[in-house]
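Each chain gets a letter, A, B and so on, in the order its sequence line appears, and its residues count up from 1.
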2 protein chains.
Amino acid sequence: MALAEHACTRESAVAARIDISPCNACPVRSMSVCSALESDELKRLADILVSVKVDAGHTLFAEGDGADTLFNVTAGTMKLYKLLPDGRRQITGFLLPGDFLGLSINDTYAYSAESVTPATLCRFPRRRLEGLLEDYPKMQRRLFAMASSELAAAQDQMLLLGRKNAKERIASFLLMLSERAKRRGYPDNPVHVPMSRSDIADYLGLTTETVSRTFTQLKTSRAISLLEGGKVRLNDMETLHELAEGV
Amino acid sequence: MALAEHACTRESAVAARIDISPCNACPVRSMSVCSALESDELKRLADILVSVKVDAGHTLFAEGDGADTLFNVTAGTMKLYKLLPDGRRQITGFLLPGDFLGLSINDTYAYSAESVTPATLCRFPRRRLEGLLEDYPKMQRRLFAMASSELAAAQDQMLLLGRKNAKERIASFLLMLSERAKRRGYPDNPVHVPMSRSDIADYLGLTTETVSRTFTQLKTSRAISLLEGGKVRLNDMETLHELAEGV
DNA sequence: GTCGCGCTTTGATCTGGATCAAGGCGCAAT
DNA sequence: ATTGCGCCTTGATCCAGATCAAAGCGCGAC
C-alpha cells in the first residue's frame, strides 16, 4: 500500500512528510533486543538502521502489505489493529518506546500499524535481520522471548474480551498501562493515557460511549481521577485490582 | 498442583491412572518441531521423550504450576484455558496432534491444560530442550515460527471476541477447525467437533445456550448439517466464509 | 474573536445475547 | 427396565452495553 511504501524510500518519505535519517539513537533505545549482543554486533546493526519520524495518526503500514521492514519504536505510541470489511475494528495492541513491530514469519503484515501520537521509529530491512540471526543465535532467543511474552499478553486479552464486563476491562486496561509505564521507567501514577476514547473502545471491545461512562463511574466512585493532558490518577489500587482480576 | 505432579513421576502417574512409557512414536509425530533436525539430533531427542496417556477431562497442569515440562500432543484434543476467581472461563485454544504445549519463557504456566478427548502426549523436561536449543539453533528458529503463528491466531481471536456477533463467531470457529484438520491431513468436511457446547462457548465468549441456538439457526438455514458423532458438515462454504469475514 | 470540526460526555431507547427455567435424550450404573 | 446424571435444546424474560441523539468543550484556522 501507498503508506508503507512511503516509509521505505527517501523520495516518497518526503512526499508523505515523514522525516527519515540515519538512526544513531536507536541501538541505545532498542536495548530490549540488543541486550544480548556484543558491541561489534551493535555496530553492525547500527549501520542498517534508519530513523523514521511520523505525525500522529499516520498509517505506517496496512494489513496485507508486504512485510519487508521491521521497526523498533523509539518515541511515541503506536497502535496495531485489524479491520472487518464493514469497518469494525479491533486494536490488538499499543506499542511504547522499546517495543518491536513487524516481527512475523509471514511475508505480509497481519495487521495495520498507525501512530497514536507523533512517533519515531527505527526501521531496517527484514532480510538484514535474518542475516544477523544466522550469525547471532542469542538474538534468536531474545526474539523468541519477546514473541512468547506477547503471546501471554494476547491470552490475557482474550480473557478480557471474552469474559470481563466493562468496568473490569477499563480497570485492567489502566493497570496494564501503569505497569508497562513503570517497567519502562515512565511515571506509573498518574499514568499517561495518550489514546482516544475510540481507540480504547476498539482495544477493549466496547463503544466510545461505554468507555466514557465507565470512566465517569470510576471517577464518581473515587477509584480514579481524570487529570488534564490525558493523565489518569489511580487512587484506589485495591479496588482497581479487584475489578481487573474479576473478584 | 497435584495433577501436574502426576504427570511427572512414574508412581504418581499410576495413582492418577495415567499411562506413561518411553515414547517411540513421538519423534515422528512431532515433525513440526523436528523437521529442521538431523537424524542424530532426533535420536538424542528420542532418548528423553516419554509418552503420557490420559482420559478425557484430565487436567494435565493448572495455571500457576511450575512450568518444568513440555508436551507434544500425539493423539486426541486438548484445551487450554484461563479462569477468573469467580469461575468465568476463557478457553484460549484447542490443540490437535502435532501441537506443542508448554512453550513459555516463564517458570510457571500461564494457563491450565485439560484433555477434551482421551489423549496421548509426549513429554520431556524443559531443561533438556533448552540444552538442545543451545546446540541446534535451527530448532530455535522453528520454535520462533511456531510462537509467531500462534500469535497471529491469537490476534484473529481477539478480533472475533471483540467485534464479531454470535453467528460470525460460530462460522469462524467451524472454518478454523476445518482448515486445521485439512492441514493436518484429517477429514475437513464433515469436520470433527469433539468439544462440548460449553467448551465452544468458553472459547468464543458466549454461553452454551447461545452456541446451541446458533448451531440450530445455521442448520435451519442449511449452511451446516449436524451429524452424529460430533461431526458437522459445512454445506454452504460461501455463506460461512461471508459470516466469518464479517461481510 | 468566532467559526467549524472532532472528540467527549450525557441522556433515552433498543436489542443481542445472558440468564432463568424446563424438558428431552443418551447412556452408564443398579 | 429404571434411575440418575450430563449434555443439549428450546422457551421466556432480563439487562449490560449498543445505538441513536444532542449538547458541551477545546482548539486550530481565518
Side-chain angles (χ1 to χ4, degrees), chain A residues 55-57 79 84 86-91 114 116-118 160-173 193-221 224-232 243 246, chain B residues 55-58 79 84 86-91 114-118 160-173 193-221 224-232 243 246:
Chain A
D55 293 337
K79 63 188 173 199
L84 290 173
D86 64 0
R88 279 174 286 173
R89 183 176 69 149
Q90 180 65 39
I91 292 183
E114 188 178 325
V116 171
T117 64
L160 179 148
L161 291 170
R163 292 300 179 212
K164 291 187 184 175
N165 65 29
K167 229 178 202 176
E168 292 166 344
R169 290 179 200 211
I170 296 286
S172 302
F173 176 66
V193 183
M195 55 292 283
S196 69
R197 295 288 181 261
S198 133
D199 282 347
I200 298 173
D202 284 347
Y203 180 62
L204 299 178
L206 301 170
T207 59
T208 58
E209 293 94 331
T210 299
V211 170
S212 180
R213 278 187 246 271
T214 308
F215 269 113
T216 305
Q217 280 175 50
L218 289 173
K219 194 179 63 172
T220 306
S221 68
I224 64 171
S225 306
L226 301 179
L227 313 180
E228 64 220 10
K231 300 246 190 308
V232 177
L243 277 174
Chain B
D55 292 338
H58 181 83
K79 62 188 174 200
L84 290 173
D86 65 359
R88 281 174 284 173
R89 184 176 69 149
Q90 180 64 40
I91 292 182
E114 188 178 324
S115 50
V116 171
T117 63
L160 179 148
L161 291 170
R163 292 300 180 211
K164 290 186 185 175
N165 66 29
K167 229 179 202 175
E168 292 166 344
R169 291 179 199 212
I170 296 285
S172 303
F173 175 66
V193 183
M195 56 291 283
S196 69
R197 294 290 181 258
S198 134
D199 283 345
I200 297 173
D202 284 347
Y203 180 62
L204 299 178
L206 300 170
T207 58
T208 59
E209 293 94 330
T210 298
V211 170
S212 181
R213 279 187 247 271
T214 307
F215 269 113
T216 305
Q217 281 175 46
L218 288 173
K219 194 179 63 173
T220 306
S221 67
I224 64 172
S225 305
L226 301 178
L227 313 180
E228 65 221 8
K231 299 244 191 309
V232 177
L243 276 174

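- The salt bridge (charged side-chain N to carboxylate O under 4.0 Å, His left out) search around A:Arg163 returns B:Asp202, not counting sequence neighbours.
- Less than 4.0 Å separates DNA chain C from at least one heavy atom of each of the following residues of residues 199-210 of chain A: A:Glu209.
- Here A:Ser221 pairs with A:Ala223 under the side-chain contact (heavy atoms from CB on, under 4.5 Å) rule; sequence neighbours left out.
- Looking only at side-chain heavy atoms (C-beta outward), A:Val193 and A:Ile200 come within less than 4.5 Å of each other.
- In this view, A:Ser172 and A:Lys164 satisfy the side chain to side chain donor-acceptor pair (under 3.5 Å) rule, not counting sequence neighbours.
- You can see that DNA chain C meets the heavy atoms of chain B within a 4.0 Å-exclusive cut from C:dG17 to C:dC20, reading 5' to 3'.
- Among residues two or more places apart in sequence or in another chain, the side-chain contact (heavy atoms from CB on, under 4.5 Å) test is passed with A:Glu114 by A:Thr59, A:Lys79, A:Tyr81.
- Sorted by first and then second residue, the salt bridge (Lys or Arg N to Asp or Glu O under 4.0 Å) pairs involving residues 206-220 of chain B (not counting sequence neighbours) form an empty list.
- Partners of B:Thr117 by side-chain contact (heavy atoms from CB on, under 4.5 Å), not counting sequence neighbours, listed by chain and number: B:Thr77, B:Pro194.
- Annotation: side chain to side chain donor-acceptor pair (under 3.5 Å) contacts of A:Ser212 (sequence neighbours excluded): none.
- For A:Lys167, there are no side chain to side chain donor-acceptor pair (under 3.5 Å) partners, not counting sequence neighbours.
- Judged as a side chain to side chain donor-acceptor pair (under 3.5 Å), and not counting sequence neighbours, the contacts of B:Ser225 are B:Asn235.
- When DNA chain D is scanned 5' to 3' for any atom under 4.0 Å from a heavy atom of chain B, the first and last hits are D:dC8 to D:dA12.
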